[in-house]
Amino acid sequence: MLSARPERPVGQPRILLTGFDPFGGQPVNPSWLAVQALDGRELDGHVVVAAQLPTRFGQSLHVLRELLGQHRPALVVCTGQAGGRAAISLERVAINVNDARIPDNAGAQPVDTPVVEGGPAAYFTTLPIKAMLAALLAEGIRGDVSQTAGTFVCNHVFYGLMHLLAQPAWAGTRGGLVHVPWLPQQGAPSMTLEQLARGLEVALRCALRTSADLRLAAGALN
Ligand code: PCA
């Protein structure tokens with residue numbers, strides 16, 4: 001784990017936006033396609049840096065830590081595919097469990113191991129997910145708050161990210177994980193790439209502008 005942040009890079013503050021490579025026999029991963037669509041975009045004085053994480057336990061967090069050290073972002077949003085979900089899912093909680101139903105892209109299939117040995121059971125996102133949900137719905141984009149990111153590589157990255165950002169050296173950097181549905185060519189339910197990219201843009205802008213989250217029942221928003 002990085003314990004100290006290197007100097008902030010010169011230029012605009014950055015948003016690190018990650019997606020994963022395809023896994024589980026799928027030809028594409030919509031998370032990676034959607035974040036690429038936003039690479040280099042300027043949002044409220046911040047520039048989006050899109051990067052790919054491998055769908056691999058361990059290596060994904062290694063790459064994420066390198067990216068954090070390199071870019072020192074003000075905001076970190078990791079995205080991943082969640083087949084079967086119908087909306088952009090704003091994840092509330094990361095848990096300290098790896099429990100893989102299928103092998104990752106390196107063939108690893110950990111069962112009931114911790115992400116961080118001795119780490120706390122869980123971390124909450126530091127993204128303003130209710131405000132982000134309200135912003136998505138106001139734009140007519142399907143969104144939801146999710147209470148579990150599962151126990152595969154997305155949760156692994158989410159937990160590792162929050163464990164790192166919880167350190168004092170990273171105070172002021174917010175982060176979390178967002179799951180996206182399949183693209184139409186992968187099956188149903190789905191959202192189009194345009195909807196995903198627009199939804200992520202709306203969600204990022206909202207996160208930059210919102211310091212204290214809304215306190216509204218997600219059901220009241222939907
Ligand atoms: N989704 C998987 C890992 C990579 C991805 O895009 C998950 O939800 O864990």
Side-chain angles (χ1 to χ4, degrees), residues 16-39 49-67 76-116 119 122-125 127 129 142-164 175-193 195-197 199-200 203-204:
L16 179 62
L17 183 64
T18 70
F20 283 96
D21 62 347
F23 69 100
Q26 292 283 333
V28 294
N29 190 322
S31 69
W32 171 232
L33 299 178
V35 304
Q36 275 180 289
L38 295 180
D39 189 41
V49 176
Q52 190 185 73
L53 301 181
T55 303
R56 292 174 56 177
F57 289 97
Q59 184 63 18
S60 49
L61 272 178
H62 175 74
V63 173
L64 181 65
R65 283 193 290 266
E66 295 280 311
L67 288 164
V76 187
V77 176
C78 297
T79 72
Q81 164 189 301
R85 295 201 190 173
I88 294 178
S89 284
L90 308 165
E91 298 293 349
R92 192 196 291 266
V93 58
I95 63 172
N96 194 11
V97 173
N98 302 311
D99 190 5
R101 191 174 43 79
I102 58 170
D104 72 7
N105 283 352
Q109 195 169 359
V111 173
D112 293 354
T113 63
V115 180
V116 176
Y123 287 103
F124 288 121
T125 187
L127 299 177
I129 53 175
R142 287 204 307 276
D144 211 346
V145 165
S146 164
Q147 318 301 344
T148 174
T151 51
F152 193 49
V153 180
C154 282
N155 174 74
H156 176 83
V157 159
F158 185 17
Y159 185 94
L161 171 67
M162 301 320 298
H163 187 70
L164 181 65
L177 183 104
V178 174
H179 266 126
V180 298
W182 277 327
L183 294 175
Q185 68 259 33
Q186 294 177 281
S190 67
M191 287 173 68
T192 66
L193 184 55
Q195 287 173 324
L196 294 182
L200 289 178
L204 291 177

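Small disclaimer: the values here were computed from a predicted structure and weren't measured. Counting convention: from 1, in listed order, for ligands and their atoms alike.
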*For Val49, what residues pass the side-chain contact (heavy atoms from CB on, under 4.5 Å) criterion, not counting sequence neighbours?*
Arg14, Leu16, His71
_For the CG atom of Asn155 and the CG atom of Asn96, what is their distance to the nearest 0.5 Å?_
8.5 Å
_Contacts of type salt bridge (charged side-chain N to carboxylate O under 4.0 Å, His left out), residue Arg85, not counting sequence neighbours_ = Glu91
_Sequence-distant partners of Leu33, side-chain contact (heavy atoms from CB on, under 4.5 Å), two or more places apart_ = Val28, Gln36, Leu183, Leu193
*Asn98 side, atom CG; His156 side, atom NE2 - distance, nearest 0.5 Å*: 5.5 Å
Inventory of protein N or O atoms under 3.5 Å from ligand 1 N or O:
| from | atom 1 | to | atom 2 | distance (Å) |
| --- | --- | --- | --- | --- |
| ligand 1 | 1 (N) | Gln81 | O | 2.9 |
| ligand 1 | 6 (O) | Asn29 | ND2 | 2.8 |
| ligand 1 | 6 (O) | Gln81 | N | 2.8 |
| ligand 1 | 8 (O) | Gln81 | O | 3.4 |
| ligand 1 | 8 (O) | His179 | NE2 | 2.8 |
| ligand 1 | 9 (O) | Val153 | N | 3.4 |
| ligand 1 | 9 (O) | Cys154 | N | 2.9 |

*Drop me the distance from Thr148's OG1 to Phe158's CZ, to the nearest 0.5 angstrom.*
9.5 Å
